[in-house]
Amino acid sequence: MSFAELGLSPEILRAVDELGYSEATPIQAKAIPLVLSGRDLLAAAQTGTGKTAAFLLPILERLKKFANPSVSPAMHPVRALILSPTRELADQIGVNAKAYTKYLPLRSTTVYGGMNMDPQTAELRRGVEIVIATPGRLLDHIQQKTIQLNKVDVLVLDEADRMLDMGFIQDIRKIMSLLPKQRQTLLFSATFAPEIKRLAADFMHDPQTVEVARQNSTNAQVEQLVYAVDSGRKRALLSHLIREREMSQVIVFCKTKISADQLSRDLKRDGHAAEAIHGDKAQSARLETLNSFKSGEVKVLVATDVAARGLDISELPFVVNYEMPNSPEDYVHRIGRTGRAGASGVAISLMSPDEVKQHEAIEKLTRQTLPPQTVNGFERRESSAADSGFGSRNAGRERSDARPAREPRAERAERSERPERSERPERSERPERSERPERSERAPRAPRDLRDAATRSREQRDPQEGLKVARVGAIGGRVLPQRQREVPALLLPPRYKVNQER
DNA sequence: AAAAAAT
């Protein structure tokens, strides 16, 4: 299906065309008409499916009627709000938005932490129709009264499951409760944990569901390999693989910031152009590293899960799990960095004896067997850990230089009737976090005073004036916090790791 | 048990 057939305007089609896109991806073909119709959308879309354009393009089409460069900034209220879990993803969406609005007088800006607030505030004051934000900084702007959200028509929650995992759910709920009720909500998520469904039930109106790939599935284009190796030999094996497989570009995932730093140092010593990216790096360094990786200057990007989701590095051929991820969902996201947009990719996981549990969880979630193999010269020798680790289950399954040996499709399909997660007992709610009890007290706060000094002085002369503007001050013209008080469940802390086994 | 995100 071509973009032209999807009912997009010439200005948008021209920008899309210049970026080299002609055919819409499946998610785009399904989502664009739906978003154009104004309905709420619940989309199960993996990364690399063209998700960003699937929501940006129809949003631009819907906002086109507001595109008028000649009116004053006050006439450019925020019409579309896009929330992203990480700063890098927000940045990418921002870059896309700028590209797609090339021929439309619609303005967009990106708002996230780690950067000075002032330039963001200045941008917002100039008037923008589209804001892409991370939750924390957005709430900061709301609190500082440097952003008004009372004219938001469309809200997008990108990577909603990620936001959940990161404990943003309260922030998201809070932001959503501050938006006009009359709006369109688009929710994108790779997996649908119960908490996501609840969020949808609470804040969306009769959403249409669009699913592109099976939930929790991995991309068939990605060849997945698991190498059993002693933990002490991982670095040597990685160096070997980078050379032997002639990896021109690879993201290597670590579990911690410290091990990411350590590994990038070691790899540099081994002569690889490596650089680490994680949340303890300054935002500027993160962007810089990402850019030099995209440009090819850095060949090995050693990353924590900050880079696991959403990063769009075109034609990335290799992903290595240097350490198995803590949650199997992260595995899906990590290897989703390769094999994007139809290209093929290879995902290699290095599994030490103490990581067998993670490996099992991955096989279970993705409903496939990933038999551990060994690489010549890197066979494991650790005995004690191996007995408790690699032991019985994988005995006889290891092979040298064997093919990945994926299970035949039919067999995999058969097993898909396995018991669902709902069988597990419900977790009890966590107690309110003691360090921030002010959250629930703060929530039902008074409407914000958005008035300028001139208005305030007018109010002093005419008390009626104050009543008029006070209504405008309440976001969306409504005093929503009252409602929250009646629904205390909304303020409960998130239940962490809904998907995690055990 | 860790990472991310507001400072």
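Proteins get letters first, then strands, A, B, ... in listed order; numbering begins at 1 in each. Owing to the predicted nature of the structure, the values given are computational and were not obtained by experimental measurement.
For A:Thr289, there are no side chain to side chain donor-acceptor pair (under 3.5 Å) partners, not counting sequence neighbours. A:Arg87 meets the salt bridge (Lys or Arg N to Asp or Glu O under 4.0 Å) test with no other residue; sequence neighbours excluded.
Of the listed nucleotides (B:dA2, B:dT7, B:dA4), B:dA2 has the atom at the smallest distance from the side chain of A:Asn326. Proximity note for A:Thr256 (side chain, C-beta onward) versus B:dA1, B:dA5, B:dA3: the nearest is B:dA3.
A donor and an acceptor atom, one from each side chain of A:Thr110 and A:Asp91, are nowhere located under 3.5 Å apart.
Taking atom CD on A:Gln283 and atom P on B:dA4, their separation rounds to 11 Å, with Å as the unit. For the pair A:Leu139 CG and B:dT7 P, the computed distance is 12 Å after rounding to whole Å. In this entry the distance linking CG of A:Asp118 with C1' of B:dT7 reads 14 Å, nearest Å. Distance A:Leu164 CG to B:dA3 C1': 15 Å, rounded to the nearest Å. When rounded to the nearest whole Å, the span between CD1 of A:Ile277 and P of B:dA2 equals 21 Å. Between the CD atom of A:Gln120 and the P atom of B:dT7 there is a distance of 9 Å, given to the nearest Å. Rounded to whole Å, the distance from CD on A:Glu355 to C1' on B:dA2 is 13 Å. Counting to the nearest Å, the P atom of B:dA5 and the CG atom of A:Asp140 are 14 Å from each other.
Within the 4.0 Å cut-off from OP1 or OP2 of B:dA5, at least one side-chain nitrogen or oxygen of A:Arg286 is found. Residue A:Thr304 places no side-chain N or O under 4.0 Å from the OP1 or OP2 atom of B:dA2. For B:dA6, the OP1/OP2 oxygens have a side-chain nitrogen or oxygen of A:Arg87 closer than 4.0 Å. Distances shorter than 4.0 Å separate none of the side-chain N or O atoms of A:Thr86 from OP1 or OP2 on B:dA5.
For A:Lys299 and A:Phe293, the positive end is not near the middle of the six-membered ring at less than 6.0 Å and at most 45° from its axis.
Classification of A:Arg107 and A:Glu123 as a salt-bridged pair fails, no side-chain N sitting under 4.0 Å from a carboxylate O.
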